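A short write-up of the structure that comes next.
Chain identifiers are assigned alphabetically (A, B, ...) following the order of the sequence lines, protein sequences preceding nucleic acid strands; residue numbering begins at 1 within each chain. Since the structure is predicted, the reported quantities are computational estimates derived from the model, not experimental observations. We use all heavy atoms of the structure for the numbers below, so side chains are in, but hydrogens, waters and symmetry mates are not.
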Amino acid sequence: MKILMKPIEMIAWFNCDGLLRPIRFRVDGEVIRVEQVCHITEEKLAGNKMKIYRCQSEIEGQLRPFELKYEVQTSRWFLFKM
Amino acid sequence: MSGQRYIFHIDVNSAYLSWEAAYRLQQGEALDLRTVPSVVGGDQASRHGIVLAKSIPAKKFNIKTGETLFSAKMKYPGLLVVPPHYELYRQCSEAMVTILQEYSPLVQRFSVDECFIDFSGMEWVAGDPVAAAYTIKDRIKDELGFTVNVGVSVNKLLAKMASELKKPDKVHTIFPEEIPQKMWPLPVEELFMVGRATSKKLYSRGIRTIGELAKANPEWLKLFLKSHGLLIWNYANGIDYSPVQPQGALEMKGIGNSTTLSFDLDDRESAQRVLLSLAETVGTRLRQAGMQGRVVSVSCRTHEFYDYSHQRKLLNPTDCTKEIWETACELFDEMWQNEPLRHMGLRVTEFSQNDLIQTALFTKSYDKQRKLDRTLDAIRVKYGPHTIYRSSFLHSGLRALTGGVIENEEYPLMTSLL
């Protein structure tokens, strides 16, 4: 995986407990469905809270892992690594 | 209870730069600013072009905090300069304090990048003080992504001296029995409160190290340094009883703002406008704090970096923007000799509460102005600080409100009071 840190458009699901799940996103015009979230971690580097989602999906016939980042303060999503 | 006092001093290593680097790494930047010669520097175009913080590789080129970016670039032309983001620094400082509060209820913010914590009695909860200091240091590094130095000792002065020993990412102790080996061999200017002026006086009298100062006769020091001599003699011997004061414990003594102008001011009218824009922010801060001040002072710096100031006591305390401004203008007219100015400051001191007001028979009434101030404050709080301003600033090229890198600072960016 390479660090990309690309801002992305995201459709996500918030449940009643405040749990946040990415569903699918668009990057460079291509839509990717998040098939599996493997684990979620949190970081607060420089006091800036971010949730990191380690996910995997089938992209062009290949199962590929990737990481998404959600910046709590600005509500922005990033494709962190792929 | 052991009754032993333990004080920690936590100091962020090259704070602004570390914070900037940690944030950039989080945002996916590949380069760590801390590994290359880099500085955080102000905007050169608006003449704030000085080095605010430097990386350790930049230090190797003898680049100093406070020098101009121009001279820093002369020392190393490939120097990386990044602009400051004060909001980010506050956020980092906030996050650090949150971690520290898990280790003691007594946390004092000494400045934006330094904290004292009183660990006395906490060893029963959090374990051995030195081990706890290592935990704090490592947690801040892992969770927040920047490094700190922790000094451990029995009072604030020794803790501060300890955290300054070797950087970065270290824990040091200076317990009283360690003073002769760890503190006394250091040059005297390394001691807290010994600056350029004092060290010059001490050097000329043959005192070069902290140890020599500690062994000097305090009465003799008092002869040429007055009470300050006694203070630094105590500090050199590791004597300090100041308590760790949580936020808000320190009484406010004055409110002031200043600004470095983006061009040299040489006409009276513009100078008065700058004073007005400073009076606006100073007045608002006074009213927010519920205070009134009786002394107004104005300071100026000329284009040749010569400083002077002038102050006056009013008949009655005030928090009225217009009254502060009018006094400031009088002061300015009395001292200004038509030389170009690059920096102006306005300060109000000698406080009293603003719930009861002593009125005077023979001075101008500012009742209407005070009402106007209240209304302006309310509008600015609700709709933003720049929604309403005085028309004299239209097309003047000057800002209607100036002063302060972040509004409503609750802790000082810098202080010399332990």
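For the pair B:Cys92 and A:Ala46, the tightest heavy-atom approach, listed with the atom from each and the gap, is SG-O, 3.2 Å.
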So which donor and acceptor atoms of chain B and chain A come within less than 3.5 Å of each other?
{"residue": "B:Gln26", "atom": "O", "partner": "A:Lys69", "partner atom": "NZ", "Å": "3.1"}
{"residue": "B:Gln26", "atom": "OE1", "partner": "A:Asn48", "partner atom": "ND2", "Å": "3.1"}
{"residue": "B:Gln26", "atom": "NE2", "partner": "A:Glu43", "partner atom": "OE2", "Å": "3.0"}
{"residue": "B:Gln26", "atom": "NE2", "partner": "A:Asn48", "partner atom": "O", "Å": "2.9"}
{"residue": "B:Gln27", "atom": "NE2", "partner": "A:Glu71", "partner atom": "OE2", "Å": "3.0"}
{"residue": "B:Gln91", "atom": "NE2", "partner": "A:Ala46", "partner atom": "O", "Å": "3.3"}
{"residue": "B:Gln91", "atom": "NE2", "partner": "A:Gly47", "partner atom": "O", "Å": "3.3"}
{"residue": "B:Leu144", "atom": "O", "partner": "A:Ala46", "partner atom": "N", "Å": "2.7"}

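Residue-environment remark: NZ (B:Lys59) stays at or below the threshold of 12 foreign heavy atoms within 6.0 Å.
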